[in-house]
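Structure record follows, encoded as structure tokens.
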Amino acid sequence: MDLKGRDFLTLLDYEPEEIEYLIDLAKKLKDDKKNGVMHDVHRGKNIALIFEKTSTRTRCSFEVAAHDLGMGVTYLDPKGSQIGQKESIADTARVLSRMFDGIEYRGYGQDIVKALADYSDVPVWNGLTNEYHPTQLLADLLTIKEHFGRIKGLKWVYMGDARYNMGNSIMIACSKMGMDFTACTSSKYFPDEELVNKCRRYAGQSGGSITLTENIDEGVKDADIIYTDVWVSMGEPEEVWAERINALKPYRVTMDIMKKAGASAIFMHCLPAYHDLGTKVGLDIKEKFGMEELEVTNEVFESERSVVFDEAENRMHTIKAVMYATL
Ligand code: CP
Ligand code: NVA
């Protein structure tokens with residue numbers, strides 16, 4: 001499998017065998033690291049990380065993975081560079097690709113990371129846009145494979161805002177990998193029809209399926225994975241909270257939902273999560289709406305069903321696999 005020089009912008013651009021290869025490579029790099037086997041194969045290279053939105057996992061994963069691969073890292077935050085203010089994406093791409101061997105971008109529209117890739121001579125990796133979060137999906141698929149020993153044929157239910165980066169990316173991953181995807185949410189938050197149709201075509205080839213339903217009993221029945229994400233994503237205005245809470249409250253992941261899903265179902269979340277009052281936003285929401293838990297209850301989050309910290313760890317190993325393979 002030769003992925004050298006490839007961008008990693010959305011899983012739409014990757015074949016199922018390539019996705020599987022990256023997951024298995026990540027597992028190997030994870031085992032190597034745990035066994036103290038060095039893999040600094042990219043010694044002497046340098047990467048740039050552009051973050052127009054905040055991050056804990058993605059930034060740390062790129063930095064730690066780059067160090068493990070022997071590379072130098074430069075972090076650019078929105079205020080500390082000229083990007084978008086005094087210099088276009090096209091010019092930024094041409095400057096950075098003269099100095100760096102790879103560029104990560106986290107920000108707003110997919111068109112921005114696409115433009116960055118179009119004008120760069122080096123691989124560009126999507127660290128989250130409004131539309132897609134492909135590196136998160138590699139971590140989730142690795143976590144699923146580690147837990148169940150397989151990927152194909154499993155039923156993955158997404159509850160929440162299924163029209164945004166996580167809902168879209170999970171639907172694409174399921175359709176490519178032969179999994180059964182269900183968006184179980186208010187129809188207002190179903191994914192975009194054009195993307196659904198595209199994914200149905202992939203699912204037809206892979207043996208997967210796509211279901212959109214508002215019915216909770218039907219949606220979560222026989223699920224292997226129950227997944228949720230924040231109800232309001234980075235970059236969205238605060239005013240959307242009221243409407244979002246109103247529409248998505250029935251789809252909060254509770255123990256009752258986990259019981260309906262079945263005894264072996266696991267709970268997944270890309271994080272960060274609002275499951276208690278340990279955050280500033282959580283406290284603000286409690287004051288305004290009287291709710292102490294949002295997309296998932298603390299009971300589920302802290303339960304044995306929850307694999308959220310395995311996912312978080314796997315962000316690093318899978319991002320490392322992407323850089324290992326594409327540089
Ligand atoms: N899941 C995820 O992308 O986390 P960060 O926003 O902390 O990078
Ligand atoms: N949908 C969330 C994902 C965070 C990892 C957001 O875009 O904020």
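Along the sequence shown, residues carry numbers from 1. These figures come from a predicted structure and were not determined experimentally. In each ligand, atom 1 is the first atom listed, and ligand 1 is the first ligand listed.
The shortest separation from a heavy atom of R106 to ligand 1 is under 4.0 Å, placing the residue in contact. Contact analysis leaves T58 out of contact with ligand 2, as no non-hydrogen atom separation drops below 4.0 angstrom. Within the 4.0 Å heavy-atom shell around ligand 1 one finds R315.
Of the heavy atoms in L271, only backbone atoms (N, CA, C, O) come closer than 4.0 Å to ligand 1. Here H133 has side-chain heavy atoms under 4.0 Å from ligand 1, and that is the only part of it that gets that close. Residue contacts with ligand 2 for N165 involve side-chain atoms from C-beta outward but no N, CA, C or O (heavy atoms, distance under 4.0 Å).
Distances between N or O atoms of H133 and those of ligand 2 include no value under 3.5 Å. Not a single N or O atom of R106, backbone or side chain, sits closer than 3.5 Å to an N or O atom of ligand 2. Taking distance alone, with nitrogen or oxygen atoms compared against 3.5 Å, M234 approaches ligand 2 more closely than that limit. Among the atoms of C270, some N or O lies under 3.5 angstrom from an N or O of ligand 1. For ligand 2, one of its N or O atoms has an N or O atom of S233 under 3.5 Å away.
The closest side-chain donor-acceptor pair between R200 and S175, if any, does not fall under 3.5 angstrom. A donor atom on one side chain and an acceptor atom on the other are not found under 3.5 Å apart for H39 and K28. Y105 and E52 share a donor-acceptor pair across their side chains, judged by distance under 3.5 Å alone.
Here the closest non-hydrogen pair linking L25 and A321 is CD2-O, 3.6 Å. Contact detail for S61 and I319: the closest heavy-atom pair is CB-CD1, 3.6 Å. Minimum heavy-atom separation, I19 to Y14: CG1-CB, 3.9 Å.
Heavy atoms of other residues, nucleotides or ligands lying less than 6.0 angstrom from OH of Y75 number more than 12.
Relative ring orientation between H42 and Y324 is described as perpendicular, the plane-to-plane angle rising above 60° on a 0-90° scale split at 30° and 60°.
For ligand 2 and L128, the ligand atoms under 4.0 Å from any heavy atom of the residue are 3 (C), 4 (C), 5 (C), 7 (O). Within ligand 2, the atoms closer than 4.0 Å to a non-hydrogen atom of L271 are 5 (C), numbered from 1 in the order shown. Per-residue contacts place T56 under 4.0 angstrom from the following atoms of ligand 1 (heavy atoms of the residue considered): 5 (P), 7 (O), 8 (O).
The CD1 atom of I225 sits 10.0 Å away from the OG atom of S264 when rounded to the nearest 0.5 Å.
In this structure, atom 4 (O) of ligand 1 lies nearest to the protein heavy atom R57 NE, 2.8 Å.
Residues E18 and R6 are paired through a salt bridge, judged by an N-O separation under 4.0 Å between the basic side chain and the carboxylate.
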